[in-house]
Amino acid sequence: MLHDEGMTTSATLPSHPLTTVSRATGDGPQPPVIRCSDTADFLAALPFLTGFTAENSLFIVFFHGKRSDGAMRVDLPPYRAPELTAALVDGLCEILRDTGAGAAGPALVITSEQGFAETHGAPWKGLARLLRRRFAREDWPLRELAVVAPDGWACMLGDRAGERRPLAEIRASPVAGEAAAAAPPPTSLDALGRLPEPDPARTAEIAACLAELDRRERSRRGRPVAA
């Protein structure tokens with residue numbers, strides 16, 4: 001696991017922003033490989049793996065051996081909705097069971113809009129606890145489990161689980177520089193879903209066409225009917 005001493009994990013970066021990351025196959029060019037030796041390294045690589053950032057999300061990174069083999073993101077439920085949190089974990093475990101990805105040991109990252117100060121500890125610690133229990137029940141290895149908030153981050157595994165750490169550790173990771181050199185900069189999920197600004201000339205052209213259609217319709221309706 002990433003938090004065990006001496007173990008390294010390779011994060012395979014795509015050549016352009018994607019919501020999923022796949023291992024290179026066949027004889028095509030191999031994507032760059034970034035080696036992560038701890039949780040801060042992995043968190044530095046994650047936005048480049050997915051191609052975007054998002055708050056209030058659960059990121060699941062799948063692995064094939066030590067290399068990332070795809071990723072997915074799901075919205076977190078409202079913070080004070082334990083019944084929806086349980087449903088989220090049930091659905092995730094069903095996917096991991098059906099695909100066999102659970103046995104391979106995925107890495108999970110919770111991104112929170114709320115901070116440590118606001119929640120008096122690691123945000124979403126209840127979700128993290130529920131995920132640990134379910135993985136233990138399924139006998140699945142949990143490669144990584146971390147929480148990232150506006151005022152810090154925490155690894156949710158090991159003896160120091162939930163301990164707040166500065167975001168500067170992620171920014172200072174050498175992986176951040178390697179990933180930035182190997183892949184385009186990530187954007188926010190909101191920006192990806194935002195409609196582009198319309199072209200003024202094309203907008204005027206479409207408006208004129210619609211106005212002409214309206215004029216023709218009014219003319220047709222006002223035409224006398226032959227007996």
> What's the spacing between Phe42 CZ and Cys155 SG if we round to 0.5 Å?
Replying inline: 11.0 Å
> Can you name the residues that form a salt bridge (charged side-chain N to carboxylate O under 4.0 Å, His left out) with Arg160, not counting sequence neighbours?
Replying inline: Glu163
>> Just to verify, what does Arg164 make a salt bridge (charged side-chain N to carboxylate O under 4.0 Å, His left out) with, not counting sequence neighbours?
In response: Asp151
> side chain to side chain contact (heavy atoms under 4.5 Å, CB included) with Pro78: which residues, sequence neighbours excluded?
Replying inline: Ala81, Leu84
>> Once rounded to the nearest 0.5 Å, what's the spacing between atom CG of Asp38 and atom CD of Glu144?
In response: 9.0 Å
Going by atom type alone, with no hydrogens or angles, which donor-acceptor pairs under 3.5 Å involve a side-chain atom of residues 91-117 and a protein atom two or more places apart or on another chain?
{"from": "Arg97", "atom 1": "NH2", "to": "Glu138", "atom 2": "OE2", "distance (Å)": "2.6"}
{"from": "Thr99", "atom 1": "OG1", "to": "Ile95", "atom 2": "O", "distance (Å)": "2.8"}
{"from": "Thr99", "atom 1": "OG1", "to": "Ala101", "atom 2": "N", "distance (Å)": "3.3"}
{"from": "Thr111", "atom 1": "OG1", "to": "Ala54", "atom 2": "O", "distance (Å)": "2.6"}
{"from": "Thr111", "atom 1": "OG1", "to": "Ser57", "atom 2": "N", "distance (Å)": "3.2"}
{"from": "Thr111", "atom 1": "OG1", "to": "Ser57", "atom 2": "O", "distance (Å)": "3.4"}
{"from": "Ser112", "atom 1": "OG", "to": "Gln114", "atom 2": "N", "distance (Å)": "3.0"}
{"from": "Ser112", "atom 1": "OG", "to": "Gln114", "atom 2": "O", "distance (Å)": "2.8"}
{"from": "Glu113", "atom 1": "OE1", "to": "Asn56", "atom 2": "ND2", "distance (Å)": "3.2"}
{"from": "Gln114", "atom 1": "NE2", "to": "Glu118", "atom 2": "OE2", "distance (Å)": "3.3"}

>> Restricting to side chain to side chain contact (heavy atoms under 4.5 Å, CB included), what partner residues turn up for Leu167, sequence neighbours left out?
In response: Val148, Trp153, Ile170, Arg171
> By side chain to side chain donor-acceptor pair (under 3.5 Å), which residues pair with Glu205, not counting sequence neighbours?
Replying inline: none
> Who pairs with Arg202 by salt bridge (charged side-chain N to carboxylate O under 4.0 Å, His left out), at least two apart in sequence or on another chain?
Replying inline: none
> With sequence neighbours excluded, what pairs up with Glu55 under the side chain to side chain donor-acceptor pair (under 3.5 Å) test?
Replying inline: none
What pairs of donor and acceptor atoms, side-chain ones from residues 121-136 against any protein atom, are under 3.5 angstrom apart with sequence neighbours left out?
{"from": "Arg132", "atom 1": "NH1", "to": "Met156", "atom 2": "O", "distance (Å)": "2.9"}
{"from": "Arg134", "atom 1": "NH1", "to": "Asp90", "atom 2": "OD1", "distance (Å)": "2.5"}

> Would you call Thr119 and Tyr79 a side-chain contact if the rule is heavy atoms closer than 4.5 Å?
Replying inline: yes
> Between CG of Leu157 and CG of Leu142, what distance do you get to the nearest 0.5 Å?
Replying inline: 5.0 Å
> What distance separates Cys36 SG from Glu178 CD, expressed to the nearest 0.5 Å?
Replying inline: 8.5 Å
>> For Glu83, give me all partners under salt bridge (charged side-chain N to carboxylate O under 4.0 Å, His left out), at least two apart in sequence or on another chain.
In response: none
> With Phe59, which residues qualify under ring pair (Phe, Tyr, Trp, His ring centres under 6.0 Å), at least two apart?
Replying inline: Phe52
>> Tell me every residue that passes side chain to side chain donor-acceptor pair (under 3.5 Å) with Ser173, counting only those two or more places apart in sequence or in another chain.
In response: Asp41
